[in-house]
Peer 1: 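Structure incoming, see below.
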Number of protein chains: 2
Amino acid sequence: MRAEDFDEVRRLPLFRSMRPASFQAVMQGTYAQRFPPRLDLFRQGQGADFLHVVLEGSVELFADWQGASTTMAVVRPVGTFILAACIRDLPYLMSARTLEQTRILLVPAPGIRAVFREDAEFAVSIVEELAEAFRSMARHAKNLKLRNSRERIAGYLLEQSELAGRADRFVLQVEKRLVASYLGMTAENFSRALRSLAMDGVELKGQTVTITDRAALVRACPNDMLIDGPNPDATGGGLTLPRPALPRERRRKGRPGQG
Amino acid sequence: MRAEDFDEVRRLPLFRSMRPASFQAVMQGTYAQRFPPRLDLFRQGQGADFLHVVLEGSVELFADWQGASTTMAVVRPVGTFILAACIRDLPYLMSARTLEQTRILLVPAPGIRAVFREDAEFAVSIVEELAEAFRSMARHAKNLKLRNSRERIAGYLLEQSELAGRADRFVLQVEKRLVASYLGMTAENFSRALRSLAMDGVELKGQTVTITDRAALVRACPNDMLIDGPNPDATGGGLTLPRPALPRERRRKGRPGQG
DNA sequence: AGACTAACTTGATCTTGGTCAAGGATTCGG
DNA sequence: CCGAATCCTTGACCAAGATCAAGTTAGTCT
């Protein structure tokens, strides 16, 4: 592992409070790796060998069953994923693939399991990460069960706006089909419902969303702290939502290149 | 707290590995209380004052938004709930009410937060409980997103059968409307879809389910370890599914009596 | 730049599941 | 044992969302 990576990782919420010796121990066998876009990292059902930390790029977590597939989350820097599986030494419940060119830190699971029993501060960090991951997933389930697709989209746009610093204009950070899948609907239905939100103060041009009437949009999906967040820090325990950037800042060089 | 409660609690997965002094500290201000059926324990959005442990009876965790309401889980002995909220000192994401007469242990959240920083074994127990809770919730979301209502019901029946020791005949432990809500559908749709499963080897008489053709039922909902469990131990971190009993064993004295 | 590919949109149609309304079945209290 | 309340079931209808099938746009590769 490169020295600069070492420092960067050391500053991550999950690792910054632990004792130096513990950090050294966890980092045994840890390495950062760069993956091309659209690469499968692992499949659901596999054994949990490594905790993954996204350093650059983005990763989609998805699940499938009987031919159907659904996006469960998109993880961005500096989020972690499959912590729960590593802790319990159980098979992953989700599959993962990179969306863009992505750099990932792979931390051997046995080291984590060993060290967090000895370093209370590390245990605290893990507990907080896991608790947040649980809450994110609970919110996801509530969202699916309590709202219809139009409301889920409206809520998503409001959340993205929030993450962009309450901006009224922002760019969707991920493909629409992926957002649709994340929100539990087909791409077609997403497209139509999104268009229909024009009546509720949403303007669309390509990937750029402009909220022209925030009050109307909130009326379409009354905000609820207990579903929509806040997602306190950037690291949602592997459940960070796709995060938007400001319009001009797009930086979409590393997008999917091959299918 | 009664001495017998003390011993019982001490044997819970969450508490049995911790140091005696830590246990004493956590138990400061802890008390067990008996609640009548259908009593609201707390509402979503409230501050997390207590970790709850179900000692007897059962508790429904549900969520609502804009008039709609959905069951998120049913917790039975000896499961805990809202651990995540306690750890993060954040508002509950769900509401809770008793289903039957229920005895609950109320453990002050500040004590938990303080002690798990000092007792590594306790931290480990919390981490494992949380990890399992996360995985349960992830499975719940996958189930909702990847299966239609008929499949969810078939899967539920297979799971209940499993929990009853692979029995081909068992009794539903909770009201059907509650199961319907848990599975994310209306009671009417549940009733119809359940009936339609007669074609797939399911016989019904009141609350009693008989699987006459397990292979057919599995065909209706191919089992998947990564959605349906196993829910390794009884304590699913507040996410244990309603558990069935064997037919004769019903013990349904304490069922909902008043509205 | 032009061709190719993949994502997105739109329309027509159909299925699933929700809504509304009423009729049975249980259960509980007297 | 009867009556009220609640849960469950059934039917008719409706609406949300899925599917299928083109088109259109946009991004990538040569």
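Each chain gets a letter, A, B and so on, in the order the sequences are listed, and its residues count up from 1. Here the structure is a predicted model, which is why all the values come from computation and not from measurement. Values below: every heavy atom of this structure, side chains too, minus hydrogens, waters and symmetry copies.
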Peer 1: Of the nucleotides dT9(C), dT10(D), dC8(D), which has the atom closest to the Ser191(A) side chain?
Peer 2: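 Output: dT9(C).
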Peer 1: Check whether any side-chain N or O of Thr70(B) sits under 3.5 Å from a backbone N or O of Lys145(A) as a donor-acceptor pair, and report yes or no.
Peer 2: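 No: the side chain of Thr70(B) does not pair with the backbone of Lys145(A).
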Peer 1: Starting at the 5' end of DNA chain D, write a dot or bracket for each base, bracketing those in Watson-Crick or G-U wobble pairs whose two distances are under 3.5 Å and using | for partners on another strand.
Peer 2: ||||||..||||||||||||||||||||||
Peer 1: Let me know the distance between CG of Leu178(B) and C1' of dC8(D), rounded to the nearest Å.
Peer 2: 14 Å
Peer 1: Could you tell me how the ring of His140(B) sits relative to the ring of Tyr182(B): parallel (under 30°), tilted (30 to 60°) or perpendicular (over 60°)?
Peer 2: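 Parallel: the ring planes of His140(B) and Tyr182(B) meet at under 30°.
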Peer 1: Within the supplied structure, the quantity of interest is the number of heavy atoms (other residues, nucleotides, ligands) at a distance under 6.0 Å from Arg166(B) CZ; does it exceed 12?
Peer 2: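 Not more than 12 within 6.0 Å, no.
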Peer 1: Tell me the interatomic distance from Lys145(A), atom NZ, to dG17(D), atom P, rounded to whole angstroms.
Peer 2: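 In whole Å, dG17(D) P and Lys145(A) NZ are 17 Å from each other.
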Peer 1: Between C1' on dT10(D) and CG on Leu204(B), what's the gap in Å once rounded to a whole number?
Peer 2: 15 Å
Peer 1: Could you check whether the rings of Phe81(A) and His52(A) sit parallel, tilted or perpendicular, using 30° and 60° as the cut-offs?
Peer 2: tilted
Peer 1: Rounded to the Å, how far apart are Leu183(A) CG and dA18(D) P?
Peer 2: 11 Å
Peer 1: Between the side chain of Lys142(B) and the main-chain N/O of Leu226(B), is any donor-acceptor distance below 3.5 Å?
Peer 2: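 The answer is yes, because a donor-acceptor pair under 3.5 Å joins these two groups.
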Peer 1: Would you call Arg192(A) and Glu188(A) a salt bridge, using N to O less than 4.0 angstrom?
Peer 2: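 The answer is no: the pair does not qualify as a salt bridge.
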Peer 1: Quickly work out the Glu175(A) CD to dA6(C) P distance and round it to whole Å.
Peer 2: 11 Å
Peer 1: Once you round it to whole Å, what is the distance between C1' of dG27(D) and CD of Gln207(A)?
Peer 2: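 Atom CD in Gln207(A) sits about 11 Å away from atom C1' in dG27(D).
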Peer 1: Taking atom C1' of dA18(D) as reference, at what distance in whole Å does atom CG of Leu146(B) sit?
Peer 2: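 About 15 Å, once rounded to whole Å.
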Peer 1: When you measure from the side chain of Ser181(A) to the backbone of Arg177(A), do you find a donor-acceptor pair of N or O atoms at a distance under 3.5 Å?
Peer 2: no
Peer 1: Side chains of Met72(A) and Phe62(A): does their closest heavy-atom pair fall under 4.5 Å?
Peer 2: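 No; the side chains remain at least 4.5 Å from each other.
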Peer 1: Going 5' to 3' along nucleotides 13-23 of chain C, which nucleotides have protein heavy atoms under 4.0 Å from the base (write B), which only from the sugar-phosphate (write S), and which from neither (write -)?
Peer 2: ----SSBB---
Peer 1: In this structure, how many angstroms lie between the P atom of dT9(C) and the CZ atom of Arg177(A), rounded?
Peer 2: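 Interatomic distance, CZ of Arg177(A) to P of dT9(C): 13 Å.
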Peer 1: Checking Phe190(A) now: which residues fulfil ring pair (Phe, Tyr, Trp, His ring centres under 6.0 Å) with it, not counting sequence neighbours?
Peer 2: none
